[in-house]
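Inspection log for the structure reproduced underneath, given as structure tokens.
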Amino acid sequence: MSNQNKGKKGDVLLEMRDIVIDGFSDDKWHPIIKGADLVLRRGEVMGIIGESGAGKSTLGLASMGFARPGCEIHGGTINFDGIDLIAATESERRQLRGSRIAYVAQSAAASFNPAHRLIDQTIEACLSHGISSEEEARSDAKQLFADLQLPQPNTIGDRYPHQVSGGQLQRVMTAMAMSSRPDLIIFDEPTTALDVTTQVEVLASMRLIVEKYNTAAIYITHDLAVVAQMADVIKVLRYGETVENADTRSMLSNPKKEYTKSLWSVRSIEKEEAISKDIVLKVDRVDAAYSGGIKVLDNISIDIPRGQTIAIVGESGSGKSTTARVMTGLLPPLKGAVLFNGKPLPPMLKDRSVEQLKKIQMIYQSADTAMNPRHTVRDVIGRPLEFYLGLKGKALDDRLVELLNLIELDESFIDRLPAEMSGGQKQRVCIARALAAEPEVIICDEVTSALDQIVQKGILSLLLRLQKELGITYIFITHDIATVKAISDQIVVMFQGKVVEQGMKSEILSPPFLDYTNLLLSSVPEMDPDWLTGLLEQREKAERLS
């Protein structure tokens, strides 16, 4: 690639001073970033952490001289390799973006054009900026697909976005950002949608790219164990202000501020597993396929006991989300059936009664694609209240407020649009929408993946309390083993469309492990900066000996 980085490792690449960013809503400006500083050197990775709404993504986008619609940079200076991004024209800033500065968004599903093939979108920036020929760009994209552990790297680019899993799409987006070999990459929760085994490979690939091409990176995340593997320095944000800034090892071993200590001390809740033989939902010998006839599920059978939490785990593409689509009627099975309270459900969603629809609700992985960007919170939560429960007027408004309180949002959110909320806030609204129908079963598809650890703990505690009080059954589809340990009674392990192991949590998570289960468990990041390096060395040694 011709877009080679200049300068020496350690040289200052990006300097942001006294940054003030405000957002406009309710006919006035509200502060988002309050005088933050940021200094980033070539070859350095800075981790930015903090709770949802802390301003992490807003500050990361500002490093490109960009503010979201409804936001403006009202103060400070941004100097990128000698270029004043505040004084630069929009045309000059656009020339930098996608060329010398790249961005990997939190939600890949909302970032791709559904009408274009993946490889065409991957190489678009390289071609538009004249970085390489089309032949060179396509060849390099395929190599990046291979580096990022995508299946069939030479042909996966011929697929459309809807033809790959969420985790695979996130990796393609990472390849897109890396394709121009930029000076600076902003990673905004890039591994949120990835299973733990894939995350290991992607993190390793990202570190390799940064080191090989002397690239600087800003890594925005709520996952403390992940940032420990990626970052040289860590910046902690809260309410738009810098709480603490230090090198990673110092920050992990000896945080100075009480708020930082509170982040470090967050611990998962631990549910005591329960046993029940009252089956509320049953997947009985199901096969399923998408268009093209390629089988995605192969003879799947799962019993879901009433009032319990069943965690379905496995790598991206293992069939977890497809199983959920069959349960909800979004994908009719080729064979087999789904039974609710012992009675077969119609395979197709359109054939199910309102009462059947009400009983099984789903919270989707990506809040960005699950919410209409033109609908307010009132619309999003109010519609199921009216459709399923017939609520109107004051009764509807009162229930809206109750649901918002349940998910720890106040009344000021009722008339907000999705663009006016953080990723974590949007996901909490999706949870409230599912709760609005008063269901018996809620299918949770990566519902805490976009939430910081403090909010995760609150949401999981809330879900467990509701389960205890209302007897709700949860099906948790997740790649987060910590969540599995915290909330599940039983675990179903899936691999390549089949159930390879299922049983009580205490059985699945106790040795001896099946090889695949062991792979999943060993891939969970730890709060140790040397963990990823040690794991990769251990696996490389095992491969040499095998």
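Both backbone and side-chain heavy atoms feed into the values below; hydrogens, waters and symmetry mates do not.
Between Glu537 and Lys541 there is no salt bridge, since no side-chain N of the basic residue sits under 4.0 Å from a carboxylate O of the acidic one. A salt bridge links Arg100 with Asp183: the distance from a Lys NZ or Arg NE/NH1/NH2 to an Asp or Glu carboxylate oxygen falls below 4.0 Å.
Judged purely by distance below 3.5 Å, without hydrogens or angles, the side chains of Tyr219 and Gln229 never pair a donor atom with an acceptor atom. Using modelled atom types and a 3.5 Å distance limit, the side chains of Arg171 and Ser205 yield no donor-acceptor pair. Side-chain contact of Thr155 with Asp158: a donor-acceptor pair under 3.5 Å is absent, judged by distance alone.
The side-chain contact (heavy atoms from CB on, under 4.5 Å) search around Gln361 returns Tyr388, Ala434, Ala437, Pro439, not counting sequence neighbours. A search for ring-ring contact (aromatic ring centres under 6.0 Å, His included) contacts involving Tyr364 returns nothing, not counting sequence neighbours.
Between His162 and Tyr160, the angle of the ring planes stays under 30°, which puts this pair in the parallel group of the 30/60° scheme.
Gln121 places a side-chain N or O within 3.5 Å of a backbone atom of Asn113 that can act as its donor or acceptor partner. Of the possible polar contacts, one joining the Lys505 side chain to the Lys485 backbone as a donor-acceptor pair under 3.5 Å is found. When atom types are taken as modelled, the side chain of Asp232 and the backbone of Val45 share a donor-acceptor pair closer than 3.5 angstrom.
Looking at Asp530, Asp528, Asn254 one by one, the single match for side chain to side chain donor-acceptor pair (under 3.5 Å) with Arg249 turns out to be Asp530. Test Val441, Val492, Asp445 against Ile475 for side-chain contact (heavy atoms from CB on, under 4.5 Å) and you get one pass: Val441.
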